[in-house]
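Basis for what follows: all heavy atoms, side chains included, without hydrogens, waters or symmetry-related copies. Numbers here simply count residues along the sequence, with the first being 1.
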Amino acid sequence: MRLNTQPNIAAPDDFYAELIAVHEGLSDDESAALNARLILLLANHVGDREALGEALKLARSGS
């Protein structure tokens, strides 16, 4: 497994609050578009196709 699924975010509660705040005032469609852009930005940052493939499978399975 190439994907790190262990807690790895500094100040995770702060990040979660920021994530929720960035969606404030957006419609459902705007929120979905923001999520899609965020996913693509982070996927580009990761860059590792095997890790990204694992992430897709895990996300699909709900794990």
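Between the CG atom in Asn44 and the CD1 atom in Ile39 there is a gap of 13.5 Å [rounded to 0.5 Å]. Annotation: the span from Glu50 atom CD to Leu3 atom CG amounts to 11.5 Å, rounded to 0.5 Å. Atom CZ of residue Arg37 and atom CG of residue Leu42 lie 13.0 Å apart, to the nearest 0.5 angstrom.
Checked by atom type and distance alone, the side chain of Glu54 never pairs as donor or acceptor with a backbone atom of Ala51 at under 3.5 Å.
In this structure, Ile9 is a member of the same hydrophobic cluster as Leu38, with clusters built from ILVMFWY side-chain heavy atoms closer than 4.5 Å.
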(request) Could you check Asn35 against His23 for side chain to side chain contact (heavy atoms under 4.5 Å, CB included), going step by step and ending with a plain yes or no? (result) CA-CA 9 Å; Asn35 282 337; His23 285 271; 3.1 Å; yes

